[in-house]
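In this text the structure is predicted, and so the values were computed from the model without any measurement.
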Amino acid sequence: MALWFFTLFLFISPCLSYKPVVLIHGVMTGSGSMEMIAHRIQEKHPNTTVYNCNRFESWSSLETMWHQVLEIGQDVANISLQHPEGINLIGYSQGGLIARGIIQTFPNVSVSTFISLSSPQAGQYGAGFLHLVFPGLLKESAFELFYSRVGQHTSVGNYWNDPYHQPLYENYSVFLPYINNHLESPKTADFKSNLLRLKRLVLIGGPDDNVITPWQSSQFGYYDANETVIEMHDQPIYKDDKIGLKSLDKKGKLHVVTVPGVNHFSWHMNVSIVDDYLLPYLD
Ligand SMILES: *[C@@H]1O[C@H](CO)[C@@H](O)[C@H](O)[C@H]1NC(C)=O
Ligand SMILES: *[C@@H]1O[C@H](CO)[C@@H](O)[C@H](O)[C@H]1NC(C)=O
Ligand SMILES: *[C@@H]1O[C@H](CO)[C@@H](O)[C@H](O)[C@H]1NC(C)=O
Ligand SMILES: *[C@@H]1O[C@H](CO)[C@@H](O)[C@H](O)[C@H]1NC(C)=O
Ligand SMILES: *[C@@H]1O[C@H](CO)[C@@H](O)[C@H](O)[C@H]1NC(C)=O
Ligand SMILES: *[C@@H]1O[C@H](CO)[C@@H](O)[C@H](O)[C@H]1NC(C)=O
């Protein structure tokens, strides 16, 4: 009798116990762009609560990364405290970098699965992304704007990572070198221990993205000083386990997913991406 009851419980419980999902949109868009994902999750996982962040839409998505991390993070902390069993967090493009910032900064945000959907996790150095916002700017000279006090007042400047101007990047960038524990700060230890609380870290990207440059940045790969891409496993952030990627990997919690044939503006519009690469990882 007891065994039967237990089996029945295991059989039924997955349907009733999907954890809530929080969605964070990309730059120059808003919650509307994430609605297909929200609807599909609710269609396939009925009764799942989906929170679709509607802060920092459109032009305000260019506000600084720290400001967005701290503001959206308060919302996510509130949501997380209402769901002590844990939440799923999905961030698309810039939203995936904001999401990671939130996980690493807020001890009261308790994320089971974090999915980074084509996000510039190791930074960005390419015209594709730049021209979404700054059509006239060349990637070769963008550092002159971004690596200044004024340039750091935009989100894009906060993760602009010019391989030819690393000393300036280290001097001026207030976000990415810190959140990646490339530069030490009083938060270094917390940034790592908070990320290590994840049950699952899923990094999705692909070679036909055409906006995230290099596309491997979506999986913590990046350019060396000669613009040759060095993949994640050969990067100091992984080798020296700076933020916990290697530890998560050793425990089987890191999932690196490469999907060809998807343009940057299709990831969040493509139902098969949700079905094949998001739903299977949700808790
Ligand atoms: C959804 O919730 C309702 C009401 O709580 C419940 O009756 C129904 O069985 C649930 N559906 C699934 C698929 O879990
Ligand atoms: C979070 O919850 C607190 C306390 O319940 C509330 O005062 C605050 O307004 C909420 N903040 C947000 C951003 O929802
Ligand atoms: C969550 O933690 C942050 C930072 O420690 C704090 O500012 C915030 O008030 C907390 N939020 C809630 C809802 O407790
Ligand atoms: C970086 O800052 C240090 C200390 O202020 C300064 O000595 C150095 O020249 C700066 N380097 C660059 C490339 O700006
Ligand atoms: C860059 O290329 C030059 C010339 O081929 C080479 O000497 C140098 O070691 C390379 N640097 C890096 C970081 O790969
Ligand atoms: C949708 O995603 C699939 C992979 O799941 C990919 O093969 C296909 O090319 C994508 N379609 C578009 C329009 O991006």
So, does H131 use its side chain to make a donor-acceptor pair with the main chain of L137 at under 3.5 Å? yes
Under a plain distance cut-off of 3.5 Å, with no hydrogens placed, do D249 and Y238 share a side-chain donor-acceptor pair? yes
Quick one: list whatever passes ring pair (Phe, Tyr, Trp, His ring centres under 6.0 Å) with H268, sequence neighbours left out. Y92
Residues which pass ring pair (Phe, Tyr, Trp, His ring centres under 6.0 Å) with Y281, listed by chain and number, not counting sequence neighbours: H255
Quick one, I87 and V76 - any side-chain contact, counting heavy atoms below 4.5 Å? yes
Do H264 and I212 pass the side-chain contact (heavy atoms from CB on, under 4.5 Å) test, and can you show the C-alpha distance, the side-chain angles, and the key distance before you say yes or no? CA-CA 7 Å; H264 190 67; I212 302 297; 3.6 Å; yes
N263 side-chain N/O to F265 backbone N/O, donor-acceptor pair under 3.5 Å: yes
Would you say W59 ends up clustered with V156 if hydrophobic residues are merged whenever their side chains have heavy atoms under 4.5 Å apart, either directly or through other cluster members? yes
Nearest 0.5 Å, please: how far is CG in L89 from CD1 in I102? 6.5 Å
Quick one: ring pair (Phe, Tyr, Trp, His ring centres under 6.0 Å) partners of H67, sequence neighbours excluded? F56
Is there a path from L70 to I24 through hydrophobic residues (I, L, V, M, F, W, Y) whose side chains come within less than 4.5 Å of each other? yes
Using side-chain contact (heavy atoms from CB on, under 4.5 Å), reason through K253 and L201 one step at a time and then give a plain yes or no. CA-CA 6 Å; K253 296 176 174 178; L201 169 57; over 6 Å; no
side-chain contact (heavy atoms from CB on, under 4.5 Å) between T113 and I90, intermediate numbers included: CA-CA 8 Å; T113 291; I90 301 175; over 6 Å; no
Joint cluster assignment, Y164 & Y147, ILVMFWY side-chain distance < 4.5 Å: yes
Quick one: does any side-chain atom of N54 pair with a main-chain N or O of S31 as donor and acceptor, under 3.5 Å? no
Would you check if the side chain of Q235 reaches a backbone N or O of I230 as a donor-acceptor pair within less than 3.5 Å? yes
Of all residues at least two apart in sequence or in a different chain, which pass the salt bridge (charged side-chain N to carboxylate O under 4.0 Å, His left out) check with K192? D241
Quick check: do W267 and D209 have side-chain heavy atoms less than 4.5 Å from each other? yes
Is a side-chain N or O of T213 found less than 3.5 angstrom from the main chain of V211, in a donor-acceptor match? yes
Could you verify whether a donor N or O on one side chain and an acceptor N or O on the other, from Y159 and Q94, lie under 3.5 Å apart? yes
Sole residue of Q166, Q124, H182 in side chain to side chain donor-acceptor pair (under 3.5 Å) with N161: Q166
I'd like to know whether W160 forms a side-chain contact (heavy atoms from CB on, under 4.5 Å) with L145, so could you lay out the CA-CA distance, the side-chain angles of the two residues, the decisive distance to 0.1 Å, and finally the verdict. CA-CA 10 Å; W160 189 254; L145 168 64; over 6 Å; no
Can you name the residues that form a side chain to side chain donor-acceptor pair (under 3.5 Å) with E85, not counting sequence neighbours? none
Mind listing the closest non-hydrogen atom pair of A122 and S217 along with its distance? N-OG, 3.0 Å
Who pairs with Q216 by side chain to side chain donor-acceptor pair (under 3.5 Å), at least two apart in sequence or on another chain? none
Side-chain (S118) to main-chain (S93) donor-acceptor, under 3.5 angstrom: no
Flag for Q152-N158: side-chain donor and acceptor within less than 3.5 Å: yes
What about the rings of F175 and W66, do their centers lie closer together than 6.0 Å? yes
Contact list for residues 99-108, test side-chain hydrogen bond (donor to acceptor under 3.5 Å, both in side chains), sequence neighbours left out: R100-Q104, R100-Q121, R100-N180
Using a 6.0 Å cut-off, check whether atom OH of Y51 has over 12 heavy atoms from anything other than its own residue. yes
Any side-chain heavy-atom pair of S247 and L196 under 4.5 Å: yes
Of all pairs that satisfy ring pair (Phe, Tyr, Trp, His ring centres under 6.0 Å), the ones with a partner from residues 206-230, not counting sequence neighbours: none
Exercise: identify the closest heavy-atom pair between L245 and L254: O-CD2, 3.9 Å
Under a 3.5 Å distance rule, please check whether S80 uses its side chain to pair with a backbone N or O of S110 as donor and acceptor. yes
Are R200 and L248 packed together at the side-chain level, in the sense that at least one heavy-atom pair is separated by less than 4.5 angstrom? no
Should the pair H45 and Y18 be assigned to parallel (<30°), tilted (30 to 60°) or perpendicular (>60°) ring geometry? parallel
Any non-hydrogen side-chain atom of L97 less than 4.5 Å from a side-chain atom of P120? yes
N/O donor-acceptor pair under 3.5 Å between S173 side chain and E170 backbone: no
Nearest heavy-atom contact between S185 and T188 is N-OG1, 2.8 Å
Sequence neighbours excluded, every pair satisfying ring pair (Phe, Tyr, Trp, His ring centres under 6.0 Å) that has a member inside residues 187-207: none
I'd like to know if the side chain of Q68 reaches the main chain of E63, judged simply by a donor and an acceptor atom lying under 3.5 Å from each other, with no hydrogens or angles considered. yes
Are the side chains of V111 and R197 in touch, meaning some heavy atoms are under 4.5 Å apart? no
Closest approach of F106 and A77, non-hydrogen atoms and distance? CD2-CB, 4.3 Å
Is there a side-chain contact between N181 and I237 in this structure, where contact means two heavy atoms from C-beta onward sitting under 4.5 Å apart? no
Taking only residues two or more places apart in sequence, or in another chain, which ones meet E35 in a side-chain contact (heavy atoms from CB on, under 4.5 Å)? H39, N52
Work out which heavy atom in G73 is nearest to a heavy atom in V109; give both atom names and the distance. O-CG2, 4.2 Å
Going by atom types alone, do T258 and Q219 pair a side-chain donor with an acceptor below 3.5 Å? yes
Might you point out which heavy atoms bring V27 and S155 nearest each other, and give the distance in Å? CG2-OG, 4.4 Å
Under the rule for side chain to side chain donor-acceptor pair (under 3.5 Å), what residues qualify as partners of K199, not counting sequence neighbours? D283
Starting at OG of S272, measure out to CG of L278 and round the result to the nearest 0.5 Å. 10.0 Å
N/O donor-acceptor pair under 3.5 Å between N88 side chain and K19 backbone: yes
Return the CD1 to OG distance between I204 and S218, rounded to the nearest 0.5 Å. 9.5 Å
Indicate, with yes or no, if V271 and V50 share a hydrophobic cluster defined by side-chain heavy-atom contacts under 4.5 Å among Ile, Leu, Val, Met, Phe, Trp and Tyr. yes
Check ring pair (Phe, Tyr, Trp, His ring centres under 6.0 Å) between F134 and all other residues, then give those that pass, not counting sequence neighbours. F146
Q82, CD: over 12 other non-hydrogen atoms inside 6.0 angstrom: yes
With a 4.5 Å cut-off on side-chain heavy atoms, are N78 and D75 touching? no
